Protein chains: 2
Amino acid sequence: MKENQNRLEWLVARLRERGFRLTPQRMAVLRILVASEGHPSVEMIHERVRAEFPMVSLATVYKTVHLLKEIGEVLELAFGDDHRRYDGNRPRPHPHLICVKCHSIADVDFAGLAELPDEIAHNSGYQILNHRLDFFGICPACQAQVPHASDRRYD
Amino acid sequence: MKENQNRLEWLVARLRERGFRLTPQRMAVLRILVASEGHPSVEMIHERVRAEFPMVSLATVYKTVHLLKEIGEVLELAFGDDHRRYDGNRPRPHPHLICVKCHSIADVDFAGLAELPDEIAHNSGYQILNHRLDFFGICPACQAQVPHASDRRYD
DNA sequence: GTAGGTGCAAATCGTTTGCTGATTC
DNA sequence: GAATCAGCAAACGATTTGCACCTAC
């Protein structure tokens, strides 16, 4: 995909200009991050990276994702239950729809939220740096499933 | 305070009607939760409870807060860095202002967000159960501080 | 009297870190 | 060639849990 390629080149350029080295392990993580449509966890990234590079350690994936987060090129979505998901394609804050059944995460494109931070800043006196908007619910696919008694889950 | 008293009685009634016992430890946690203006962590609740009841264990505070969360009478705000804060007074979702310097958490009263979940539900097909809106920034008090070189923090 | 609660210490689990040897630049 | 990075295993730290004793009802 063209836009993935562009995004990958962008990330490589950002790392290069800050003097970070481009190891095969890092490149593999970058490629997976850029190719991921959903919002993978570090564990998921690690599994996919291992499919091509079986020798990459989990620690290295953690370090690379953390590095990308630090330079503002990956958006981290942390949840209470020790669960973190990452978006390497849209690192700016944007609202998400999170399915509490299948744990999928989808982006929401919703106009009218763009001015919200400024408005809150003006009303509160806070200097707003960042924000986060998440909706928790049940996705259409999970709603369509007729649950068997054995796999009912209410989490 | 009158409203705290009412809230406390409400919580006691909710626990009673579900058959939960009202131990002195639980009552102490309830009282602290209801009296807390900010959004305390379990650790903070534990410290304050110990001021009156030095024998209350941290595990019990965890269990009580978890219980209240389960019955929907406490709002949990979980952050990525293994940090959770609790609001025992307004358990329904509402936006928050979080200072990245002093870690204080303030409520935002902002009209015009009430219909947002319904609107998102309609547009996306999700059944929305819950949501969360947080703004991260620097509170007026922290903005006013002239930072010494030694305590500059950029987190 | 008994189901449920408390306190303690140990277990848990995602994430981070210290160290040594390898690699990118 | 030197500073940075990868891999490993051990450390970390907030939260949870198993269990023996206790207590609210």
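Reckoned from all heavy atoms, side chains included, excluding hydrogens, waters and symmetry mates. These numbers were taken from a predicted model, which means no experiment stands behind them. Letters A, B, ... are given to chains in the order of the sequence lines, protein chains preceding strands, and every chain is numbered from 1.
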task = Return the orientation label for the A:His96 and A:His39 ring planes: parallel under 30°, perpendicular over 60°, tilted otherwise.
result = perpendicular
request  = Can you tell me the distance, in whole Å, between the OH atom of B:Tyr62 and the P atom of C:dA11?
outcome  = 19 Å
task = Would you mind reading off the distance between B:Leu15 atom CG and D:dA24 atom C1', rounded to a whole angstrom?
result = 14 Å
message = Between B:Ala59 and B:Arg16, which residue's closest nucleotide on DNA chain D lies nearer the 5′ terminus?
response = B:Ala59
query = In whole angstroms, how far is the P atom of C:dG5 from the CD atom of B:Glu70?
reply = 13 Å
message = Rounded to whole Å, how long is the line connecting atom NE2 of A:His46 with atom P of C:dT15?
response = 13 Å
Rounded distance in Å - CE (B:Met55) to C1' (C:dG5) = 15 Å
query = Which of parallel (below 30°), tilted (30 to 60°) and perpendicular (above 60°) describes B:His103 and B:His83?
reply = tilted
inquiry  = To check you understand the geometry: which heavy-atom pair defines the closest contact between A:Ile138 and A:Cys99, and what is its length?
reply    = CA-SG, 4.0 Å
message = So, under a plain 3.5 Å distance rule, would you say the side chain of A:Lys63 forms a donor-acceptor pair with the base of D:dG7?
response = yes
request  = To the nearest Å, give me how far apart CD (A:Glu76) and C1' (C:dG14) are.
outcome  = 12 Å
ask   = If an axis is fit to five pairs at each end of the helix from C:dG1-D:dC25 to C:dC25-D:dG1, what is the angle between the two, to the nearest 10°?
value = 40°
inquiry  = Without decimals, in angstroms, what is the distance between B:Leu30 CG and C:dG5 C1'?
reply    = 14 Å
message = Does C:dG7 have its OP1 or OP2 closer than 4.0 Å to a side-chain nitrogen or oxygen of B:Gln25?
response = yes
request  = Test the B:Arg26-B:Phe53 pair against the cation-pi criterion, namely NZ or CZ under 6.0 angstrom from the six-membered ring centroid and within 45° of the ring axis.
outcome  = no
ask   = Does the distance from a Lys or Arg side-chain N to an Asp or Glu carboxylate O, for A:Arg85 and A:Glu76, drop under 4.0 Å?
value = no
query = Is A:Glu73 salt-bridged to A:Arg92, going by a charged N under 4.0 Å from an acidic O?
reply = no
ask   = Going by modelled atom types, is there a donor-acceptor pair between the base of C:dG5 and the side chain of B:Arg21 at under 3.5 Å?
value = no
task = On DNA chain C, check which nucleotide each of B:Thr60 and A:His83 is closest to and give me the residue with the more 5' one.
result = B:Thr60
inquiry  = From CZ of A:Phe79 over to P of C:dG14, roughly how many Å is that when rounded to an integer?
reply    = 16 Å
key: Phosphate OP1/OP2 of C:dT15: any A:Arg84 side-chain N/O under 4.0 Å   = yes
message = Please give me the minimum heavy-atom distance between B:Ala78 and A:Gly80, naming the atom from each residue.
response = CB-CA, 3.2 Å
task = Please tell me which of B:Leu58 and A:Leu67 maps to the more 5' nucleotide of DNA chain D, matching each residue to the nucleotide holding its nearest heavy atom.
result = A:Leu67
query = Of all the nucleotides listed (D:dA24, D:dC5, C:dG5), which has the minimum atom distance to the side chain of B:Pro24?
reply = D:dA24
task = Respond yes when some side-chain nitrogen or oxygen of A:Ser57 is under 4.0 Å from OP1 or OP2 of D:dC8, and no when none is.
result = no
